[in-house]
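Notes follow once the structure below has been shown.
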Amino acid sequence: MTKHLVSMLAALSLSAAAHATPTEVVLVKRPGVMAYEEVAEAFREGCRVQARMVNLDHVSPPWRFGPSQLVITVGQEAFDAVQAAPDHVIATLAFNVHEGVLGPPAAAAPELTLHALVTARPSVKVIGVVYGPRTAAAFARAKEEAHRMGLELRGTEATNGPQAVRALRELVDSVQALWLPFDIDVVTPQLFQYALRLQIERGLPIAAATRQQVHSGALIAVDFSARATGRAAADIANALLDGRSPQALSSDRLDLLSGARITVNGDVARRLGADLPALLRMGARVE
């Protein structure tokens, strides 16, 4: 279990005693996104009560929920649209959440992504990153971890997509690979397409945030199974509905359900000369 998840579990256990046990479960998501639908389906299968579904395109946010409702948000947009007590929200697939909000891990530990990238291309030592204000703290932690691994993360902060494209353009001559963290503020479709062009034209391998981005052309990504995330969220919800602290859940159970997966684009890997045998040995799945 990650340190971030442990801290969220502790925060929730301290505040749970002061609030009534929720009696209704509400799941908020944007419809039509495959990963979101998989999270929702797995959650419904695992949660002991039926969840009321709220789609982002049906009601204008923000939505306000009371202490009798336990809200499960799927995706960053859904989390940003919800206003509720932090200890009555379970966030899934949201990478920027408030202190005290519980949920399965949304992002793999940075050292795993970095390790996967340098396994694919051992010569990589300097990695370019563009990030937004909401992920600045995460970038700082990742930079420290990279330093311990003998790597350098060379990053530039941007506030929007066009600015991020300009920032990446200024970075490319001084880096050997690109890491696109999950940051909906700056990693726009335009930035992703520009990064793909750099991967093709300059041979800069891309470590992306999701399996879907690998299917769209990035070399590699480390993320979590959507269905596993939904099952883990259901376990947390069941504990809260039973009036139990989520700390009573087995950490092994949570880790098993939300275990990270490494996905590699086989065609891109062969084109870039990535070390596929080494990636397979570390458990990567080539697609």
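Quick caveat: nothing in here was measured; it's all calculated off a predicted structure.
For the atom pair CZ of Arg166 and CG of Leu168, the computed distance is 12.0 Å after rounding to the nearest 0.5 Å. To the nearest 0.5 Å, atoms CG (Leu196) and CG (Leu178) are separated by 10.0 Å. In this structure, OG1 on Thr92 lies 9.0 Å from CZ on Phe43, to the nearest 0.5 angstrom. The OG1 atom of Thr73 lies 9.0 Å from the CG atom of Asp80; values are rounded to the nearest 0.5 Å. Distance CG/Leu114 to NZ/Lys143: 13.0 Å, rounded to 0.5 Å. Atoms OG1 and CG, on Thr263 and Leu279 in that order, are 11.0 Å from each other to the nearest 0.5 Å.
Judged by distance alone, the side chain of Glu144 and the main-chain N or O of Arg141 form no donor-acceptor pair under 3.5 Å. A distance-only check finds a donor-acceptor pair linking the side chain of Glu37 to the backbone of Gly32 [under 3.5 Å]. Not one N or O on the side chain of Gln193 forms a donor-acceptor pair closer than 3.5 Å with the backbone of Pro189. A donor-acceptor contact shorter than 3.5 Å is absent between the side chain of Asp267 and the backbone of Gly217. A donor-acceptor pair is defined here as one N or O able to donate and one able to accept, closer than 3.5 Å; such a pair exists between the side chain of Gln76 and the backbone of Asn96. The backbone N or O of Tyr131 lies less than 3.5 Å from no partner atom in the side chain of Thr135, so there is not a single donor-acceptor pair. Checking side-chain atoms of Asp185 against main-chain N and O of Asn160 turns up no donor-acceptor pair under 3.5 Å. Of the possible donor and acceptor atoms, one in the side chain of Asp183 sits under 3.5 Å from a partner among the backbone N and O of Gly132. In this structure a side-chain-to-backbone donor-acceptor pair under 3.5 Å is present from Asn238 to Arg48. The closest donor-acceptor contact from the side chain of Gln199 to the backbone of Ile206 lies under 3.5 Å.
Judged by the 6.0 Å distance and 45° axis criteria, Arg169 is positioned over the aromatic ring of Tyr194.
Here the closest heavy-atom approach between residue Pro205 and residue Leu219 is recorded as CB-CD2, 3.5 Å. Of all the heavy atoms in Pro110 and Trp179, the pair that sits closest is CB-CH2, 3.7 Å.
With sequence neighbours left out, Phe182 forms a ring-ring contact (aromatic ring centres under 6.0 Å, His included) with Phe95.
A continuous path of hydrophobic side-chain contacts links Leu27 to Leu241 [ILVMFWY only; heavy atoms under 4.5 Å]. Under the 4.5 Å side-chain heavy-atom criterion for Ile, Leu, Val, Met, Phe, Trp and Tyr, Phe139 and Phe192 are members of distinct hydrophobic clusters.
No side-chain donor-acceptor contact under 3.5 Å links Thr210 and Asp223. The closest side-chain donor-acceptor pair between His88 and Gln69, if any, does not fall under 3.5 angstrom.
Between Glu41 and Arg227 a salt bridge is recorded (basic side-chain N to carboxylate O distance below 4.0 Å).
The 12-atom threshold is not exceeded at NE2 of His147, counting heavy atoms of other residues, nucleotides or ligands nearer than 6.0 Å.
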